[in-house]
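The structure appears below as structure tokens.
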Amino acid sequence: MFVLACGLAVTLGLMNFVNLAHGAFAMAGGYVCAVLVNQSGWPFLSGCHALSSPPPPIAWLLERLL
């Protein structure tokens, strides 16, 4: 959460540039966490640790395709 807040603070506050990619990738990780906790029965802390794994491959794929 701290890293997300720092990234948003830099892009929005210092650079005066609106970048919605930070929020999109945070939501992708949060969605994975919610699915793991609610539907798969994972403990909350394990789901929070697992949420950091899906956004990097998605970001890499989008960077290559777009």
Side-chain angles (χ1 to χ4, degrees):
M1 205 62 159
F2 175 75
V3 173
L4 176 68
C6 286
L8 287 173
V10 168
T11 58
L12 294 177
L14 298 175
M15 297 173 55
N16 292 328
F17 180 73
V18 177
N19 184 359
L20 300 177
H22 285 90
F25 288 117
M27 287 299 296
Y31 181 76
V32 169
C33 178
V35 167
L36 288 176
V37 170
N38 291 327
Q39 293 183 359
S40 299
W42 283 34
F44 178 72
L45 291 177
S46 297
C48 287
H49 287 293
L51 69 86
S52 63
S53 57
I58 294 170
W60 179 82
L61 181 65
L62 288 175
E63 181 181 351
R64 296 292 175 214
L65 294 177
L66 298 177

| Cluster link L66 to W60, ILVMFWY, side chain under 4.5 Å | no
| Do you know which two heavy atoms are closest between C33 and C48, and how far apart they sit? | SG-N, 3.7 Å
| task | Linking directly or through intermediates, with side-chain heavy atoms under 4.5 Å: list the remaining ILVMFWY members grouped with V32, chain and number order. | result | L36, W42
